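Report on the structure given below.
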Amino acid sequence: MKIFNSMTNKKEELKPLKEGQFHIYACGPTVYNYFHIGNARPFIVFDTLRRYLEFLGYTVTFVQNFTDVDDKMINVAHQEGITVKELGEHYIEEYFKDARALNIKNASVHPKATEHIGDIIQLVKTLIEKGNAYESCGDVYFDTQSFAEYGKLSGQDLSELEMGARIDVSEKKRNPMDFALWKAAKEGEISWDSPWGAGRPGWHIECSAMSMKYLGETIDIHGGGQDLKFPHHENEIAQSEAATGKPFANYWMHNGYININNKKMSKSEGNFFTVRDILKEFDGLAVRLFMLSAHYSNPINFSKELLEQSQTAFGRIQNCRENLAFIINNPKENTVDVKSAINTLNTDFLAAMDDDLNTADAIGVIFEYIKQINTIFMAGGTGQNAQDALAALDRLLDVLGILDSGEQKIPQEVTDLAQQRSEARTQKNWALSDELRDKIKELGYEVKDTPDGVKISKL
RNA sequence: GGCGCCAUAGCCAAGUGGUAAGGCAGGAGCCUGCAAAGCUCUUACCCCCAGUUCAAAUCUGGGUGGCGCCUCCA
C-alpha cells in the first residue's frame with residue numbers, strides 16, 4: 001500500500017516498523033463541545049485507514065486522545081459553573097454517541113491528558129535535562145533554537161516565521177517561537193503539582209507523552225487535520241525527537257478540511273454544523289459515505305444538498321443489498337455466475353485503497369459492482385450465488401464502515417397491512433391496494449413488488 | 001512577507017503520459033395496473049496561454065480565479 005507522507009511530500013510504500021503490525025496515533029478532540037462535521041473528518045478517515053489495515057491482516061494499535069484540559073476547557077467549565085473534569089466527562093460520553101452513529105470504532109486506547117500528568121511531567125523534565133527546555137516564572141518552554149530541524153514537517157523557516165506572524169511575544173520566553181510545555185496555574189484554575197510549582201500541561205506535550213507511552217518512541221503513522229501540521233505536529237516532533245533522539249513517526253498523514261461555501265468550517269468562525277444536528281436529518285452511514293466520497297487529502301465543500309445526494313446514493317447500496325437478501329430467502333434453482341464480478345470488485349477495490357487510501361475510487365468500484373449484480377440478478381435469473389454476491393459486497397462495505405448491520409425489525413402491524421394488500425392485489429382491487437400502501441407509508445415503511453414477491457423496507 | 005493546497009459535466013468526484021470511473025439531478029426508452037426498484041441510451045472545448053512529446057486533464061513555464069497555515073482550530 002502507498003501513502004502520501006506529508007513529511008517527505010511523496011507517496012511512499014507503507015511499511016510497518018514491526019512485521020505485521022501498525023502503531024497509529026491520531027489527534028483527538030478537545031472535549032468542550034459536541035464535535036462538528038469538520039472535526040469528524042479525521043475520525044472517519046483514520047478509522048477507515050485502521051479498518052483497511054486490519055482487513056489486510058495487520059494488527060493495528062490505534063490511539064486517539066482526548067484533550068480534556070486547556071484554556072477552552074477552563075473557560076467553558078467556568079461559564080457553565082461546572083468543573084473541568086465534569087465538562088470533559090460529559091463531552092467524552094457525547095463523543096462516543098456521535099462516533100457510534102458514524103460507525104467509528106473505538107480506538108485501542110483513548111487516553112486523556114488529565115490522566116497522564118505524571119508522564120507529561122517526566123517528559124518535560126527530560127527535555128530540561130537535555131537542554132531543550134527551560135523554566136521561567138513557573139512556566140516551562142521548549143527552546144526551538146535547540147532543535148535544529150524545527151520546521152521540517154511544515155517547511156517553515158524559523159526566521160521567516162517571525163516576520164509577518166502575530167506571535168505571542170512574552171518576556172518569559174527566550175525566543176518568540178518557543179512554546180509552552182507547562183503553564184503555571186492562575187488563581188482558581190485546575191492544577192497539578194510539579195517540580196515547577198502548581199500548573200498544567202501546555203497544549204502540545206500531551207500527544208507526545210501519550211503517543212510514546214502507548215505506542216513507543218517511534219510509531220508508524222501519525223495523523224490529524226491539516227491545520228495541526230503547524231504548529232501542533234511540528235512541536236510534537238520537536239519535543240519527542242529532542243527527548244528520544246529517534247524519529248517520532250515514520251509517516252505523517254493530514255486530511256483536508258470540510259468547507260462551507262468554500263471557507264473552512266471552524267468553531268471560531270461559527271460556520272459549523274455539529275454531527276449531533278446533522279444526524280437528526282441524515283443517516284450516519286450516509287454522512288460517512290459523503291466523507292469518503294472525496295480523497296481524504298482534498299477539501300470537501302459541505303452542504304445539505306450534497307448530503308442528500310449521498311443519502312440517495314447510500315440508498316442505492318441498500319437497495320442492492322435488500323434485493324440480494326430477498327433472493328437468498330426466496331431462492332430459485334438456476335445459478336448465475338458472479339465469480340468474475342466478485343473478482344473484479346476485489347481487485348479494483350484493493351487497487352484503489354492501496355493507492356493512498358483512495359476511498360472515492362473504491363466507492364466507484366463498489367457502484368460498478370452493484371450495477372453488474374443488479375443486471376445479473378434482476379434482469380435475468382436468480383440463484384444461490386446471491387449469497388456470495390452479498391457477502392463480497394458486505395465485506396468491503398464494512399472496510400469503509402458503511403455497512404448497515406442493524407437488523408430492521410418490521411412491526412407486526414406493518415406486515416399485517418402488507419398481507420392484506422397482497423390479498424387485495426390478487427383480487428385486482430387496486431384502489432384498496434393503494435390505500436393500504438399509503439397506510440403503510442404513514443407508518444414509515446414501504447412495500448415493493450418484485451417478480452418474486454413483496455418486500456417491506458423502512459422509508 | 002514566508003510556506004502550502006485546489007481548479008474535470010447542472011451539482012459532487014476519480015483519473016498523474018495513451019485519448020475522460022462512479023454518484024446525484026435532468027432527458028429518452030424497456031419492464032410494470034400505476035408506481036417503486038432495476039436496466040439501456042443520453043449530458044465534458046478537463047480555468048486560460050505557451051512549451052515538451054508520436055501522444056498532455058495528466059509533465060514544464062507563465063497567467064487567472066479560489067482556499068489554507070504562519071494565532072485556539074480536525
Side-chain angles (χ1 to χ4, degrees), chain A residues 6 9 11 26-30 32 35-46 67 70-72 75 151 154-168 177 203 223-232 234 254-259 261-269 272 289-290 293-295 297-301 303 305-317 319-320 322-323 326 348 352 355 358-380 425 428 430 433-434 437 446-451 455 457:
Chain A
S6 349
N9 279 323
K11 252 187 217 176
C27 295
T30 302
Y32 69 104
F35 64 89
H36 63 64
I37 198 87
N39 299 319
R41 170 113 101 145
F43 305 157
I44 290 174
V45 166
F46 295 110
T67 297
D70 80 333
D71 291 340
K72 282 168 300 194
N75 289 341
S154 53
Q156 303 284 350
D157 186 294
L158 268 183
S159 53
E160 299 292 346
L161 273 173
E162 291 169 34
M163 283 173 61
R166 288 167 282 170
I167 311 165
D168 174 23
M177 288 312 297
W203 56 289
Q226 253 156 29
D227 47 357
L228 293 184
K229 209 168 177 182
F230 190 91
H232 185 60
E234 199 69 71
H254 291 96
N255 63 272
Y257 303 121
I258 300 284
N259 293 153
N261 296 325
N262 289 316
K263 300 271 185 205
K264 177 186 168 188
M265 179 187 295
S266 72
K267 285 183 181 167
S268 47
E269 292 290 325
F272 63 89
L289 178 65
F290 166 75
S293 66
H295 186 88
S297 65
N298 288 342
I300 298 183
N301 210 13
S303 74
E305 286 74 28
L306 260 19
L307 222 40
E308 272 158 23
Q309 291 185 6
S310 289
Q311 182 79 57
T312 312
F314 181 66
R316 195 171 154 80
I317 297 173
N319 280 333
C320 178
E322 282 164 20
N323 289 340
F326 182 83
D348 291 355
D355 184 16
N358 196 334
T359 53
D361 206 4
I363 289 167
V365 169
I366 285 175
F367 277 108
E368 280 180 275
Y369 173 76
I370 285 175
K371 187 176 281 186
Q372 272 189 64
I373 288 299
N374 281 335
T375 305
I376 292 172
F377 286 102
M378 296 295 112
R425 289 170 69 81
K428 300 213 178 274
W430 305 121
S433 163
D434 287 351
R437 187 185 64 194
E446 183 174 43
V447 276
K448 290 177 193 168
D449 298 295
T450 74
K455 283 187 295 178
S457 57

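Proteins get letters first, then strands, A, B, ... in listed order; numbering begins at 1 in each. Being a predicted model, the structure only gives us computed values, none of them experimental.
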Using a heavy-atom cut-off of under 4.0 Å over every strand shown, decide if A:K72 touches base, sugar-phosphate, or nothing.
-> sugar-phosphate
Can you tell me, in whole Å, how much space there is between the P of B:C67 and that of B:G15?
-> 24 Å
Remember a base hit wins even if backbone is also touched, and classify A:H295 as base, sugar-phosphate or nothing at under 4.0 Å, heavy atoms.
-> sugar-phosphate
Under 4.0 angstrom, heavy atoms only, what part of the nucleic acid is A:G225 near: base, sugar-phosphate, or nothing?
-> sugar-phosphate
What is the base-pairing partner of B:A13, counting Watson-Crick and G-U wobble geometry with both distances under 3.5 Å?
-> none
May I ask you to decide if A:F230's main-chain N or O and A:Q156's side chain share a donor-acceptor pair within less than 3.5 Å?
-> no
Using the ring of each side chain (for Trp, its six-membered ring), is A:H232 parallel, tilted or perpendicular to A:W203, with breaks at 30° and 60°?
-> parallel
Look at all strands and tell whether A:I258 reaches a base, only sugar-phosphate, or nothing, counting heavy atoms closer than 4.0 Å.
-> base
Base-pairing mate for B:C39 - Watson-Crick or G-U, with both contacts under 3.5 Å = B:G29
Of all the nucleotides listed (B:C12, B:A74, B:C73), which has the minimum atom distance to the side chain of A:W203?
-> B:C73
Is A:N298 near enough to B:A14 that one of its side-chain N or O atoms lies under 4.0 angstrom from OP1 or OP2?
-> yes
Looking only at side-chain N and O atoms, does A:N374 come under 4.0 Å of OP1 or OP2 in B:C39?
-> yes
Assign each of A:C27 and A:D361 the nucleotide of RNA chain B bearing its closest heavy atom; nearer the 5' end lies the nucleotide of A:D361
Nucleotide opposite B:A55 in a Watson-Crick or G-U pair, distances under 3.5 Å | none
Any donor-acceptor pair under 3.5 Å from A:R437 side chain to A:V447 backbone = no
Flag as yes if A:F35 stacks onto the base of B:A74 (centroids under 5.5 Å, planes under 30°), otherwise no.
-> no
Taking all atoms of both residues into account, what is the closest heavy-atom pair of A:A352 and A:D361, and its distance?
-> CB-CB, 3.8 Å
Distance, rounded to the nearest Å, where A:H232 contributes NE2 and B:G68 contributes P | 21 Å
How would you label the contact of A:D434 with the nucleic acid (heavy atoms, under 4.0 Å): base, sugar-phosphate, or nothing?
-> base
Here the distance between atom P of B:A36 and atom CZ of A:R425, to the nearest Å, is 13 Å
Answer whether the closest heavy-atom distance between the side chains of A:D348 and A:E368 falls below 4.5 Å.
-> no
If B:C5 has a Watson-Crick or G-U wobble mate with both distances under 3.5 Å, name it; if not, just say none.
-> B:G66
Checking all strands, does A:G151 fall into the base, sugar-phosphate, or nothing category for heavy-atom contacts under 4.0 angstrom?
-> nothing
Taking the side chain of A:R41 as heavy atoms from C-beta outward, which of B:G2, B:G38, B:A74 is closest to it?
-> B:A74
Within the pair A:R437 and B:A35, is there a side-chain N or O less than 4.0 Å away from OP1 or OP2?
-> no
Within a strict 4.5 Å, meaning less than it, do heavy atoms of the A:H36 and A:I258 side chains meet?
-> no
Scan A:E368 against the nucleic acid and name what it touches under 4.0 Å (heavy atoms): base, sugar-phosphate only, or nothing.
-> sugar-phosphate
Which base, if any, makes a Watson-Crick or G-U wobble pair with B:C73, both distances under 3.5 Å?
-> none
With a 3.5 angstrom cut-off on both distances, give the Watson-Crick or G-U wobble partner of B:C46, or none if there isn't one.
-> none
The residue, A:N358 or A:S266, whose nearest nucleotide of RNA chain B is more 5′ is A:N358
Which letters describe nucleotides 25-30 of chain B, given B = protein heavy atom under 4.0 Å from base, S = only from sugar-phosphate, - = neither?
-> S-----
Side-chain atoms of A:N319 come closest, of B:A21, B:A37, B:A74, to B:A37
Please check the phosphate of B:G38 (OP1 and OP2 only) for any side-chain N or O of A:K371 closer than 4.0 Å.
-> no
